2 protein chains.
Amino acid sequence: MKSLEKYDVARKHPMPFVRLELVLLSVTDGGLQVLLSHREEDPFKGKWGLPGGVLRIDLDASLEEGAQRVSMERLNRPLPNLNQVAAVGGANRDPRAPWAMSVVYRSLVQTDIETSPGKRVQALAWRNVIDVIRTDDLGFDHANLIAKAVDATRQEVRELRFQAGWLPKEFTLSELQALSEAVLATPLDKVTFRRRMEVAGIAAPLEGKTKMIGAHRPAQLYSLTT
Amino acid sequence: MKSLEKYDVARKHPMPFVRLELVLLSVTDGGLQVLLSHREEDPFKGKWGLPGGVLRIDLDASLEEGAQRVSMERLNRPLPNLNQVAAVGGANRDPRAPWAMSVVYRSLVQTDIETSPGKRVQALAWRNVIDVIRTDDLGFDHANLIAKAVDATRQEVRELRFQAGWLPKEFTLSELQALSEAVLATPLDKVTFRRRMEVAGIAAPLEGKTKMIGAHRPAQLYSLTT
DNA sequence: CCAAAAGTGTTGTGACTACACCCATGT
DNA sequence: ACATGGGTGTAGTCACAACACTTTTGG
């Protein structure tokens, strides 16, 4: 390779084993959930862990694209939003290599979009994040990574920085508030939430469009103004 | 190596060229400054860039320790505080390797601690961050990385999350406010700043200890309550 | 006494909370 | 009519900004 003829520094030192891990979060009736993958191989065989895969410099043009590829391979779906959580790395972090690092991404998705086990994945399951973090029975440092991803997501929700893909294109303010409450695991005041949304100007009502839910007054539909 | 006998996945794929970059920030009369290193070699020879170095899995037990080692090698000093900014990576990011990633750390330090050019560093210079970001004449994506580091630091200052090493062990509230104003590049109200400090309870007055500055009333000295 | 920085008190404003209340729909 | 969730109005609280003011030192 031409670049390697010119510079030899890249060959002088052994490089670490680099993986990409995904923290998929979703809101259900049971609150905020995280998607876990059952480990069929050592290390931590039999335990649950984050879906992830090896960075492939022959396939991935960037870390983000690598994360999308891993999502396609493991979960058979792309991710509508992707945010980096952190990079962690050290010796003896992963028995498969003397020195391993992981770049971790998070994505809050809608549960109704199906996620099916892909290559080398036997089973996937949504589990309540609070349970998962409290009873840390996961492999590696994954519980810690999930906690970081949840914190970052909560910070965004607190600041009303809602991302595309978190909800359907058209949604009601009540749905958005319910999502926020589930993510934050705390109730929010309706008046305050609506006024904050209004001044923030991040969602616009869709004139004439309403959503009927039950035997109730129909709700105004909104969409994100990007 | 035993782990490689057991698992071959770590050998199956080529791994990226991994570097560590440092964003050292400091406050002087001229405002918030960033430490830049003059590049004596290609790529970007003659330009300025962030000090950094190659991750050495034979020397570094973790990414953080690697960042400290790079700091010792390039700047002849350890860093009193260290926060990860992000990991960036992709093909064609660095001509020295077909696929390069960097893990970026930031540290806000006191300028009076000396920083001397180390191994393969000819010159170091503090430059005003606003200038550096506006007139992006740096190599790689370093201006963007600096902007991210500054944003994160500002967020911490806004939330009064002051770290050890940002100031001397004993400091006055005026000094802390001046630091905050320099980082945020905006004036702060004295009363508000002091009251927020009081309710936050992150600094305690050192009984009987004051600091004389000029022909003025002496100022109460504080220290961080960790 | 004066200049200058340290430190305090006071008042207005704006964002949030709590709670009461009206609106629109299916049964 | 009424139950239920959508949507609004209002008053109290709290954090902060603005600004005036007092305190303490060296000269």
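These numbers come from a predicted model, not from an experiment. Note on naming: letters A, B, ... go to the chains in the order of the sequence lines (proteins, then strands), and numbering restarts at 1 for each one.
Within the model, atoms CE of B:Met197 and OG1 of B:Thr192 stand 13.5 Å from one another, a figure rounded to the nearest 0.5 Å. Atom CD in B:Glu156 sits 8.5 Å away from atom CG in B:Asn81 (nearest 0.5 Å). Here the OG atom belonging to B:Ser71 is positioned 3.5 Å from the CG atom belonging to B:Leu79, to the nearest 0.5 angstrom. Rounding to the nearest 0.5 Å gives a distance of 9.0 Å between OG of A:Ser37 and CG of A:Leu50.
A salt bridge between A:Asp131 and A:Arg134 is present, with a side-chain N of the basic residue lying under 4.0 Å from a carboxylate O of the acidic one. Under the 4.0 Å criterion applied to side-chain N and carboxylate O atoms, A:Glu175 and A:Lys211 are assigned as salt-bridge partners. Under a 4.0 Å N-O distance rule, the pair B:Glu170/B:Lys209 qualifies as a salt bridge. Using a 4.0 Å cut-off between charged nitrogen and carboxylate oxygen, B:Asp137 and B:Lys47 do not count as a salt-bridge pair.
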Considering only nitrogen or oxygen atoms on both sides, find all protein atoms under 3.5 Å from nucleotides 24-27 of chain C and state each distance.
| residue | atom | partner | partner atom | Å |
| --- | --- | --- | --- | --- |
| C:dA24 | N3 | A:Arg217 | N | 3.4 |
| C:dT25 | O2 | A:Ala215 | O | 2.7 |

Restricting both atoms to N or O, compile the protein contacts to nucleotides 18-21 of chain C shorter than 3.5 Å, with distance only.
| residue | atom | partner | partner atom | Å |
| --- | --- | --- | --- | --- |
| C:dA18 | N7 | A:Asp189 | OD1 | 3.2 |

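Rounded to an integer number of Å, the gap from A:Gln220 CD to C:dC23 P is 18 Å.
A heavy atom closer than 4.0 Å to some atom of DNA chain D occurs in no member of residues 166-179 of chain B. Residues from residues 199-208 of chain A placing a heavy atom under 4.0 Å of any atom in DNA chain D do not occur.
Under the side-chain contact (heavy atoms from CB on, under 4.5 Å) rule, A:Lys148 has a single partner from A:Val85, A:Thr153, A:Asp141, which is A:Val85.
A donor-acceptor contact under 3.5 angstrom links the side chains of B:Gln163 and B:Asn83, judged on distance only.
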Salt bridge (charged side-chain N to carboxylate O under 4.0 Å, His left out) between B:Arg69 and B:Glu64, worked out: CA-CA 9 Å; B:Arg69 177 187 54 77; B:Glu64 285 71 24; over 6 Å; no
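Between A:Leu224 and A:Lys169 the shortest side-chain heavy-atom distance does not fall below 4.5 Å.
Of all nucleotides in DNA chain D having an atom under 4.0 Å from a heavy atom of chain B, the first and last in 5' to 3' order are D:dC16 to D:dG26.
Proximity of a side-chain donor or acceptor of B:Asp136 to a complementary backbone N or O of B:Leu138 within less than 3.5 Å is detected.
When all heavy atoms of A:Asn128 and A:Gln33 are compared, the closest pair comes out as N-NE2, 3.5 Å.
Looking at residues two or more places apart in sequence or on another chain, you find no ring pair (Phe, Tyr, Trp, His ring centres under 6.0 Å) involving B:Phe193.
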